[in-house]
Participant: 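Below: one structure in structure tokens.
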Number of protein chains: 2
Amino acid sequence: MAQSGQPSTGQNLLFLTDEQVRVGIEAMFFAYRGFTADPDRILATKAYGRAHHRAVHFIHRSPGTTVNNLLAILGVTKQSLNRVLRTLIADGLVSSTVGRVDKRERHLHLTDAGAALERELSDAQRDRMRSAYRAAGPEAVAGFREVLEAMMDEDMRLQYVAMRDKTE
Amino acid sequence: MAQSGQPSTGQNLLFLTDEQVRVGIEAMFFAYRGFTADPDRILATKAYGRAHHRAVHFIHRSPGTTVNNLLAILGVTKQSLNRVLRTLIADGLVSSTVGRVDKRERHLHLTDAGAALERELSDAQRDRMRSAYRAAGPEAVAGFREVLEAMMDEDMRLQYVAMRDKTE
DNA sequence: ACAATACGTCAGCTTTGTTGACATTCCAAC
DNA sequence: GTTGGAATGTCAACAAAGCTGACGTATTGT
């Protein structure tokens, strides 16, 4: 288990030592805090939480998505998601319409008010991310994404890639 | 706010468009799920949670640290941390000793059992991280860390850098 | 007709965050 | 030397958001 840093193939594998990997783990931990900090601050003033942010983000991203679809992306139980959706619908931020071809499905859209909230939250999060991108430069960003993509569970990577390739 | 991708300086800034940044945000979201998945699976079998993992990780990292110190690193309230520490101490995974120079402080250490749990959790998390590192390669890893470090809050970056430089 | 699917809901539990109140210890000003 | 404020840590109660399990309803498809 413990790798002390000896190259074991032809190339230098110093970046795979336990120490290097541990630093990466701590970087993920601290960075994720920054990643959520700005939207969290906004949400705290509005009686919503991170779960609402996630729902609004992905409804914005895939308008008309069904509840089941959203469930798969978010990776939570329907009871948990339902609690969040219920408040968003009651507050008029999300609309739920019965499916036309399959009436069992509910298609979710953001209302104007929902889109406004989404924009407010995303702007805050994007600003920080864009600053980080700018500070690090394009090559670093490419590496950043490569490592993150390699870190995902296979199922999630499929979800992610499908989304990514919708517009990119 | 909306950047459509026109270079505004001498270099190509396509990587700073809203779309590119949004993809990065989603990558962070999905990757973090993978990042925590393996230790979470282990913890679920032991009546512990992610908070216990974090506490054990950083006590291992800085043996003898005080509660206050740990508080600053974890960024939670002392009451929240205390609940976690209490169970870890009761279960004999962490020892808490009154400070010699300042008796208000408690110094925290892992017991042998605590160190064993730490190793089990860290091994699982490190394996995934190391696979991702190996798949992406050294240059990607350097970029990964650059972007993450630029994403942290200033206070957290200081904590992180101090830790990072202890051994690196 | 009947089984499976999609969605919503109720009830209850766990983890982990929060604020408020309180005891102990230290230190510095008086 | 006493004392009052700051720092450290603990106990209690509550909230957000995850979970399981059970059940109801509408719709679809075999």
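Quick note on labels: first sequence line is chain A, next is B, and so on, each numbered from 1.
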Participant: A/Arg83 has an atom CZ; how far is it from atom C1' of C/dT9, in whole Å?
Facilitator: 12 Å

Participant: Identify which one of B/His57, B/Arg164, B/Gln159 satisfies the side-chain hydrogen bond (donor to acceptor under 3.5 Å, both in side chains) criterion when paired with A/Glu26.
Facilitator: B/His57

Participant: Give B/Lys78 one of three labels, base, sugar-phosphate or nothing, depending on what nucleic acid heavy atoms sit under 4.0 Å from its own.
Facilitator: base

Participant: Looking only at the side chain of B/Arg50 (C-beta and beyond, no hydrogens), which of the listed nucleotides D/dA17, C/dT16, C/dC26 gets closest?
Facilitator: C/dT16

Participant: Using atom CG of B/Asn82 as one end and atom C1' of C/dT15 as the other, report the distance to the nearest whole Å.
Facilitator: 16 Å

Participant: Rounded to whole Å, how long is the line connecting atom CG of B/Leu71 with atom C1' of C/dT16?
Facilitator: 14 Å

Participant: Expressed as a whole number of angstroms, how long is the span from B/Ile89:CD1 to D/dG9:P?
Facilitator: 11 Å

Participant: Rounded to the nearest angstrom, tell me the gap between atom NE2 in A/His53 and atom P in D/dG18.
Facilitator: 14 Å

Participant: Find the distance A/Lys103:NZ to D/dT25:P and express it as a whole number of Å.
Facilitator: 19 Å

Participant: If we check side-chain contact (heavy atoms from CB on, under 4.5 Å) with A/Asp40, which of these qualifies: A/Thr36, A/Ile42, A/Asp38?
Facilitator: A/Thr36

Participant: What are the two closest non-hydrogen atoms of A/Arg33 and B/Ile73, and how far apart are they?
Facilitator: NH1-O, 3.3 Å

Participant: Within the pair A/Thr77 and D/dC19, is there a side-chain N or O less than 4.0 Å away from OP1 or OP2?
Facilitator: yes

Participant: When we call it a touch if two heavy atoms are under 4.0 Å apart, what does A/Val101 touch: a base, just sugar-phosphate, or nothing?
Facilitator: sugar-phosphate

Participant: Please state how far atom CG in A/Leu70 lies from atom P in C/dC7, giving the value in whole angstrom units.
Facilitator: 10 Å

Participant: Flag the pair A/Phe35 / A/Phe30 as yes when their ring centroid distance falls below 6.0 Å, and as no otherwise.
Facilitator: no

Participant: Could you tell me how far apart A/Tyr48 (OH) and C/dG17 (C1') are, to the nearest whole angstrom?
Facilitator: 20 Å

Participant: Respond yes when some side-chain nitrogen or oxygen of B/Arg106 is under 4.0 Å from OP1 or OP2 of C/dT24, and no when none is.
Facilitator: no

Participant: Any N or O donor-acceptor pair under 3.5 Å from the base of C/dG8 to the side chain of A/Arg86?
Facilitator: no

Participant: Considering only side-chain heavy atoms of A/Ser80, which listed nucleotide, D/dA17, C/dT16, D/dT27, is closest?
Facilitator: D/dA17

Participant: Toward the 5' end of DNA chain C, which comes first, A/Gln79 or A/His107, by nearest nucleotide?
Facilitator: A/His107

Participant: Name the nucleic acid region contacted by B/Gly75, choosing base, sugar-phosphate or nothing; use a 4.0 angstrom heavy-atom cut-off, strictly under.
Facilitator: nothing

Participant: Between B/Leu81 and A/Val67, which residue's closest nucleotide on DNA chain C lies nearer the 5′ terminus?
Facilitator: A/Val67

Participant: Quick one: does A/Arg104 reach the base of C/dT5 with a side-chain donor-acceptor pair under 3.5 Å?
Facilitator: yes

Participant: Side chains of B/Thr87 and B/His52: is there a donor and an acceptor less than 3.5 Å apart?
Facilitator: yes

Participant: Just N and O in the side chain of B/Asn68: are any of them under 4.0 Å from OP1 or OP2 of D/dA7?
Facilitator: no

Participant: Please pick, from C/dT25, C/dA6, C/dG17, the nucleotide with the shortest atom-to-atom distance to any side-chain atom of A/Glu105.
Facilitator: C/dA6

Participant: Give a yes or no on whether a salt bridge exists between A/Arg128 and B/Asp153, defined as a side-chain N under 4.0 angstrom from a carboxylate O.
Facilitator: yes

Participant: DNA chain D: A/Gly49 or A/Val98, which has the more 5' nearest nucleotide?
Facilitator: A/Gly49

Participant: For a quick test of reading the model: is some side-chain N or O of B/His52 closer than 4.0 Å to OP1 or OP2 of C/dT16?
Facilitator: yes

